[in-house]
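I have placed the structure first, in the form of structure tokens, so that the comments after it can refer back to it.
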Amino acid sequence: QVQLVESGGGLVQAGGSLRLSCAFSMRTSNIYTMGWLRQAPGKEREFVAGIGWSGVIIYGDSVKGRFTASRDNVKNTMYLQMSNLKPGDTAVYYCAARLRGVDTTTEYPYWGQGTQVTVSS
């Protein structure tokens with residue numbers, strides 16, 4: 001059974017920062033690729049960042065240079081440090097997991113409940 005729980009969302013002004021956390025629980029968690037994805041109202045789901053089991057990290061083009069993803073396999077927690085936030089970053093952010101390798105897909109079988117991030121101008 002895979003469980004994912006996000007936290008850390010909220011309201012922030014443009015240019016500000018937030019850190020999201022994802023507590024994950026599954027057997028042999030270190031072999032899973034973990035991802036951050038987001039969805040804004042009326043828009044398609046968007047890839048934000050992915051961390052492979054080997055530690056490879058990739059980012060979506062819209063967040064490169066501003067967001068930093070990391071994972072702690074001892075604490076079973078993944079993080080997304082978001083800086084220089086823009087109103088266009090407003091979305092529900094989801095933590096997700098899968099057994100396939102890391103790429104920019106939004107296709108993940110396991111999802112958390114999501115956490116809202118709102119960036120005001």
Side-chain angles (χ1 to χ4, degrees):
Q1 185 178 3
V2 177
Q3 293 184 324
L4 305 166
V5 180
E6 303 94 335
S7 61
L11 173 65
V12 64
Q13 288 187 333
S17 299
L18 274 178
R19 189 176 81 156
L20 306 183
S21 298
C22 170
F24 53 86
S25 174
M26 64 277 269
R27 296 183 66 178
T28 58
S29 62
N30 59 312
I31 67 172
Y32 280 76
T33 286
M34 302 297 297
W36 286 104
L37 302 100
R38 68 186 183 186
Q39 189 163 22
K43 295 188 177 181
E44 293 187 353
R45 192 167 290 165
E46 180 185 7
F47 172 81
V48 175
I51 307 178
W53 62 269
S54 65
V56 171
I57 304 175
I58 60 174
Y59 297 94
D61 289 341
S62 62
V63 306
K64 284 180 181 176
R66 300 188 298 120
F67 291 11
T68 301
S70 61
R71 68 189 282 180
D72 184 331
N73 286 331
V74 174
K75 295 182 178 179
N76 280 0
T77 304
M78 179 173 66
Y79 305 97
L80 185 67
Q81 178 67 48
M82 305 183 293
S83 302
N84 190 22
L85 283 160
K86 304 174 182 180
D89 294 318
T90 296
V92 176
Y93 283 71
Y94 296 92
C95 167
R98 66 180 201 174
L99 285 169
R100 296 182 65 181
V102 62
D103 57 33
T104 59
T105 183
T106 59
E107 298 298 320
Y108 282 75
Y110 307 107
W111 293 78
Q113 83 286 352
T115 185
Q116 177 71 46
V117 171
T118 303
V119 184
S120 63
S121 56

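Atoms considered below: every heavy atom in the structure, side chains included; atoms not considered: hydrogens, waters and symmetry mates.
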The complete set of disulfide (SG to SG under 2.5 Å) pairs with one or both residues in residues 72-111, sequence neighbours excluded, reads Cys22-Cys95

Distance col, row Asp89:CG vs Arg66:CZ, nearest 0.5 angstrom, shows 4.0 Å

* Would you find more than 12 non-hydrogen atoms of other residues, nucleotides or ligands less than 6.0 Å from Gln81 atom CD? -> yes

*asked:* For Arg38 and Val63: C-alpha separation, side-chain torsions, deciding distance, then whether side-chain contact (heavy atoms from CB on, under 4.5 Å) applies.
replied: CA-CA 11 Å; Arg38 68 186 183 186; Val63 306; 3.9 Å; yes

Among the clusters formed by ILVMFWY side chains lying less than 4.5 Å apart, do Met82 and Val12 turn up in the same one?
-> yes

Tightest non-hydrogen contact, residues Leu18 and Leu85, listed as N-CD1, 3.9 Å

d(Leu4 CG, Tyr32 OH) to nearest 0.5 Å is 9.5 Å

Main-chain N/O of Gly8 paired to Tyr93 side chain as donor or acceptor, under 3.5 Å: no

Interatomic distance, CE@Met78 vs CH2@Trp36, rounded to 0.5 Å, equals 5.0 Å

Taken in chain and number order and not counting sequence neighbours, the residues that satisfy side-chain hydrogen bond (donor to acceptor under 3.5 Å, both in side chains) with Lys43 are none

In this structure, OH of Tyr110 is separated from CD of Gln3 (nearest 0.5 Å) by 12.0 Å

Cut-off 3.5 Å, no hydrogens considered: what does the side-chain donor-acceptor table look like for residues 114-121, sequence neighbours left out?
| from | atom 1 | to | atom 2 | distance (Å) |
| --- | --- | --- | --- | --- |
| Thr115 | OG1 | Gly9 | N | 3.2 |
| Gln116 | NE2 | Ala91 | O | 3.4 |
| Gln116 | NE2 | Thr118 | OG1 | 3.3 |

For the residue pair Trp111 and Tyr94, does the interplanar ring angle fall in the parallel (under 30°), tilted (30 to 60°) or perpendicular (over 60°) class?
perpendicular

So CD1 of Ile51 and OG1 of Thr33: to nearest 0.5 Å the spacing works out to 9.5 Å

Same cluster or not: are Phe67 and Leu20 linked, directly or through other Ile, Leu, Val, Met, Phe, Trp or Tyr residues, by side-chain heavy atoms under 4.5 angstrom apart? yes

One should read off an interatomic distance between Asp72 CG and Tyr79 OH, to the nearest 0.5 angstrom, of 5.5 Å

Margin query: Go through it in stages, so that I can follow the logic: the residues are Thr105 and Arg98, the test is side-chain contact (heavy atoms from CB on, under 4.5 Å), and I'd like the CA-CA distance, side-chain angles, deciding distance and then a yes or no.
Written below: CA-CA 11 Å; Thr105 183; Arg98 66 180 201 174; 2.8 Å; yes

When every non-hydrogen atom of Gly60 is compared with those of Phe47, the smallest separation belongs to N-CE2, 3.6 Å

(message) Strictly below 4.0 Å, N to O, side chains only: are Asp61 and Lys64 in salt-bridge contact?
(response) yes

Would you say Tyr59 has more than 12 foreign heavy atoms packed within less than 6.0 Å of its OH? yes

Q. Do Leu99 and Phe24 share a hydrophobic cluster (ILVMFWY, side-chain heavy atoms under 4.5 Å, transitive)?
A. yes

### Message
Does Met26 form a side-chain contact (heavy atoms from CB on, under 4.5 Å) with Asn76? I'd like the steps, not just the answer.
### Response
CA-CA 9 Å; Met26 64 277 269; Asn76 280 0; over 6 Å; no

- Query: Between the main-chain N or O of Leu37 and the side-chain N or O of Arg45, is there a donor-acceptor pair closer than 3.5 Å?
  - Reply: no

Side-chain heavy atoms nearer than 4.5 Å, only ILVMFWY residues, links allowed to pass through others: does that put Trp53 and Tyr108 together?
no

Nearest heavy-atom contact between Ser21 and Thr77 is CB-CG2, 4.3 Å

Margin query: So does Glu6 get a backbone contact from the side chain of Gln113, meaning a donor-acceptor N/O pair under 3.5 Å?
Written below: yes

| task | Determine, step by step, whether Ile57 and Arg71 satisfy the side-chain contact (heavy atoms from CB on, under 4.5 Å) criterion, reporting the C-alpha distance in whole Å, the side-chain angles of both residues, the deciding distance to 0.1 Å, and the verdict. | result | CA-CA 10 Å; Ile57 304 175; Arg71 68 189 282 180; over 6 Å; no

